[in-house]
Each structure stands twice: as structure tokens, then as C-alpha cells.
Protein chains: 2
Amino acid sequence: MKGTNLGEFEELVMLAIGVLHPKAYGVSIKDELTERTGRQITLSAVHASLHRLAEKGFLESQFGESSNKRGGKRKKYFFITAFGAKTLEEAKLMREQLWKDVNKVAFQNN
Amino acid sequence: MKGTNLGEFEELVMLAIGVLHPKAYGVSIKDELTERTGRQITLSAVHASLHRLAEKGFLESQFGESSNKRGGKRKKYFFITAFGAKTLEEAKLMREQLWKDVNKVAFQNN
DNA sequence: TTATTTTATCTACAAAATAGAATTTTATTG
DNA sequence: CAATAAAATTCTATTTTGTAGATAAAATAA
């Protein structure tokens, strides 16, 4: 990938942010994806991905106010940029088109 | 990835094989994806991906007969296994569900 | 003020994506 | 038949993504 494509996990992180908007931060994203994918996702995997996505211009972030919960650093909320939304939608469209053109026989041979 | 997930490019290669079935081999896959993605895809990228997908059990291959064209080694045709089809469909379903639950406002902030 | 909880950041390694060179096989041409 | 050209796969190396675990920081509770 040359920086303008979304990796597999990166795309899932972006979508989770869309689902959780406007309360998407490390832990909530991790929980959302753990539930949906059934994989054991670590917080650091999510954070590494968030950092890279922000660098690529797909995300912006903003620190939240301190909560009434027990502790913790301030949450860093993530938002999808216009560029990020465009990229995400293009990936979706391309796959939809491919699926539409798939020869169904290809799935019946085993 | 722990071996049971499809990478971003790997998924595109699988779908291209579905589209091209039963004539999917290195060059035809490369051409199909170059056209659809607009990226400059190299043959070696496709082959590396095919090799990994076959190792993971998502693809099978079979050498074709020699053609009447000028030259070249025999084409190695690739086919999607039942396991590959299942994996591909699961990835599709998970994304569809995420998209369904996306808060549309997340795409209107920029 | 010390401990506990919640969060983010850092460091390191594994796997996938990408690029380019090398090799193999086949057919054509002289 | 030897030399050349074409079509394809395979090899080698590097960068980018994915994953894990340890560490650090900030906030509240005790």
C-alpha cells in the first residue's frame, strides 16, 4: 500500500469509528471490534492503527473532557475526515462491483 | 493477521478470481485488478498473494494446457476452495453489518 | 498521599504488500 | 536446429500493516 489505501484492519477501525460516532476512542473501538469480529483485539493494535490512519489524513482527533469515571487519561476521540470518508466509500464500491461480477460457479466447485 | 483473515489485497485477488473463473491466473488477475482499482499492480504482488492464499487453504491451483500463443510457461489457474468462499463471504457480511450500523453523521462533519 | 483504574504511548516483532530482477518454458524465425 | 523473443512463474529484498506486551500518564478513591 502506498499510503492511500486502507489495510484490512484499518478499514474495520474506520467503520467502527463511524458506528461509534461521536464517542469513538481507543477502548470503545477495541470493544466494538472485539464483539463484531470475534477476534481478540488488543488496545495497542487499535492505537497503532489509529495513529497511522491519522497520519494518512483519514482521521482527526480531539481530546475529550475528563469523565466522572474512576480514572484514566483523557479520552482521545477520533473523527473521519472528508478524505477518509471518500476513501472508505470507494473501497466499498469497488468490492460491491466485484461481487456483482463474480461468476457464481466459482463458489460451487468444492 | 493470524492466518485466517484476508488481507486487503488478498481479498481483491480472491474476488478477481471469482470474476475470472475459470480462467484466473497471474496475468489475467493482474489485468483485472489494474483496471478496476486504478492502481499500478505488479505481477509479483499478485503472485506473492496467490502463494499465500493457497498456503492458507483459500485457493487451489491447476496447470493449464499449453496455448497456441507465442511462448510462456503453462498458466497456473487458481480456484476458490469452499473454505475460501466461506471466509470471503464472512468478511463481506461483517462489513455490510458495520455499514448498516454506521452513524451517517460521521460522514458529514467536514 | 498512596493505591487503583482507565487510558494512551512506546518498543519490538510478524505478516502482508510492493518492486524489481532472475528464471523457466514455449513458439517463432532465420 | 540454433538463436531470439514472448509469456509466464519464481526469487530476493524492502516498506507498510498487523499484533503483542510492557510502560507511562492522568484521574478518582481510599
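Letters A, B, ... are given to chains in the order of the sequence lines, protein chains preceding strands, and every chain is numbered from 1.
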Rounded to whole angstrom units, what separation is found between the [atom1] atom of [X] and the [atom2] atom of [N]?
X: E8(A); N: dA17(C); atom1: CD; atom2: C1'; value: 14 Å
X: E11(B); N: dA15(C); atom1: CD; atom2: P; value: 20 Å
X: Q62(B); N: dT9(D); atom1: CD; atom2: P; value: 14 Å
X: L59(B); N: dA16(C); atom1: CG; atom2: C1'; value: 15 Å
X: R52(A); N: dT9(C); atom1: CZ; atom2: P; value: 14 Å
X: E55(B); N: dA14(C); atom1: CD; atom2: P; value: 17 Å
X: M14(B); N: dA17(C); atom1: CE; atom2: P; value: 12 Å
X: R74(A); N: dT5(C); atom1: CZ; atom2: C1'; value: 18 Å

Name the closest nucleotide to the [X] side chain, picking from [options].
X: A45(A); options: dT19(D), dA16(C), dG18(D); value: dT19(D)
X: E10(B); options: dT9(D), dT19(D), dA17(C); value: dA17(C)
X: Y25(A); options: dT7(C), dA17(C), dT17(D); value: dT7(C)

If you take all heavy atoms of G26(B) and H47(B), which pair is closest and at what distance?
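Heavy-atom minimum between the residues: CA-NE2, 3.8 Å.
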Side chain to side chain contact (heavy atoms under 4.5 Å, CB included) partners of K30(A), counting only residues at least two apart
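So K30(A) forms a side chain to side chain contact (heavy atoms under 4.5 Å, CB included) with T34(A), I41(A), L43(A), V46(A).
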Quick one: is dG18(D) close enough that its OP1 or OP2 comes under 4.0 Å of any side-chain N or O from R39(A)?
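Result: no.
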Please state whether the phosphate of dT16(D), meaning OP1 or OP2, lies under 4.0 angstrom from any side-chain nitrogen or oxygen of K56(A).
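It does not, given that no N or O in the side chain of K56(A) lies less than 4.0 Å from OP1 or OP2 of dT16(D).
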Qualifying residues under ring pair (Phe, Tyr, Trp, His ring centres under 6.0 Å), relative to F58(B), sequence neighbours excluded
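Once residues adjacent in sequence are excluded, the partners of F58(B) under the ring pair (Phe, Tyr, Trp, His ring centres under 6.0 Å) criterion are F83(B).
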Once ring pair (Phe, Tyr, Trp, His ring centres under 6.0 Å) is applied, do any residues pair with F63(A), and if so which ones, sequence neighbours excluded?
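Not a single residue meets the ring pair (Phe, Tyr, Trp, His ring centres under 6.0 Å) criterion with F63(A).
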Would you please name every residue forming a salt bridge (charged side-chain N to carboxylate O under 4.0 Å, His left out) with K23(B), sequence neighbours left out?
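For K23(B), no residue satisfies salt bridge (charged side-chain N to carboxylate O under 4.0 Å, His left out) once neighbours in sequence are set aside.
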Cationic tip of K76(A) within the cone over Y25(A)'s six-membered ring, i.e. under 6.0 Å and within 45° of the normal?
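Cation-pi check for K76(A) and Y25(A): fails.
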Contact list (N/O, under 3.5 angstrom) for nucleotides 10-13 of chain D vs protein:
none

Using a 3.5 Å cut-off and no angle test, enumerate the donor-acceptor pairs between side-chain atoms of residues 95-103 of chain A and protein atoms at least two apart in sequence or in another chain.
{"unit_1": "R95(A)", "atom_1": "NH1", "unit_2": "E11(A)", "atom_2": "OE2", "d": "3.2"}
{"unit_1": "R95(A)", "atom_1": "NH2", "unit_2": "E11(A)", "atom_2": "OE1", "d": "2.7"}
{"unit_1": "D101(A)", "atom_1": "OD2", "unit_2": "R36(B)", "atom_2": "NH1", "d": "3.1"}
{"unit_1": "D101(A)", "atom_1": "OD2", "unit_2": "R36(B)", "atom_2": "NH2", "d": "2.8"}
{"unit_1": "N103(A)", "atom_1": "OD1", "unit_2": "V105(A)", "atom_2": "N", "d": "3.1"}
{"unit_1": "N103(A)", "atom_1": "ND2", "unit_2": "H21(B)", "atom_2": "O", "d": "3.2"}

